[in-house]
Amino acid sequence: MNAYAPVLVLGALGAGFAIFSVVMASIVGPKRYNRAKLEAYECGIEPTPQPAGGGRFPIKYYLTAMLFIIFDIEIVFLYPWAVSFDALGIFGLVEMLLFVLTVFVAYAYVWRRGGLDWD
């Protein structure tokens with residue numbers, strides 16, 4: 001249990017700070033409510049009425065989100081390689097070049113097919 005004490009203390013400090021910040025912001029912060037502040041979305045654009053089941057999103061929205069996640073996850077694989085770059089030597093360099101080439105080919109394919117165009 002002694003090994004986990006610092007982790008528990010850090011978690012308690014983080015939770016305490018978060019709770020303290022939220023409580024103090026609600027007590028000390030300004031309270032100027034108006035019609036725009038009470039709307040569901042506070043982005044500066046007047047919301048349009050939506051159907052009862054919610055509006056439909058275009059499929060491009062989901063495709064762009066999935067492409068972002070895929071390329072983001074592929075980039076995460078570069079971090080362990082960068083950390084152990086010296087230990088891997090030329091083998092690691094060649095493998096990473098093949099990996100980056102594969103990612104580039106996928107990126108070029110998506111770009112060529114118009115997957116990155118937001119219409």
Original post:
Could you walk me through whether F99 and E74 pass the side-chain contact (heavy atoms from CB on, under 4.5 Å) check?
Top reply: CA-CA 9 Å; F99 176 75; E74 288 175 347; 4.0 Å; yes
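- Under the 4.5 angstrom side-chain criterion for Ile, Leu, Val, Met, Phe, Trp and Tyr, V76 has no cluster partners at all.
- The aromatic ring centroids of W81 and F77 lie 6.0 Å or more from each other.
- Here L97 pairs with L93 under the side-chain contact (heavy atoms from CB on, under 4.5 Å) rule; sequence neighbours left out.
- Residues meeting the side-chain contact (heavy atoms from CB on, under 4.5 Å) test with Y33, sequence neighbours left out: K31, L38.
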Please report, to 0.1 Å, the donor-acceptor pairs under 3.5 Å made by any side chain of residues 102-115, with sequence neighbours excluded.
unit_1, atom_1, unit_2, atom_2, d
T102, OG1, L98, O, 2.8

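- Note on L78: it clusters hydrophobically with I73, by side-chain heavy-atom contacts below 4.5 Å among ILVMFWY residues.
- Under the side-chain contact (heavy atoms from CB on, under 4.5 Å) criterion, V22 pairs with no residue, sequence neighbours left out.
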Subject >> Evaluation steps, side-chain contact (heavy atoms from CB on, under 4.5 Å), between F91 and E95 >> reply: CA-CA 6 Å; F91 172 75; E95 290 297 321; 3.6 Å; yes
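- The other residues sharing a hydrophobic cluster with V28 are I19, F20, V23, M24, I27, where clustering joins ILVMFWY side chains under 4.5 Å apart.
- When hydrophobic clusters are built by joining Ile, Leu, Val, Met, Phe, Trp and Tyr residues whose side-chain heavy atoms come closer than 4.5 Å, directly or via intermediates, I75 is grouped together with I69.
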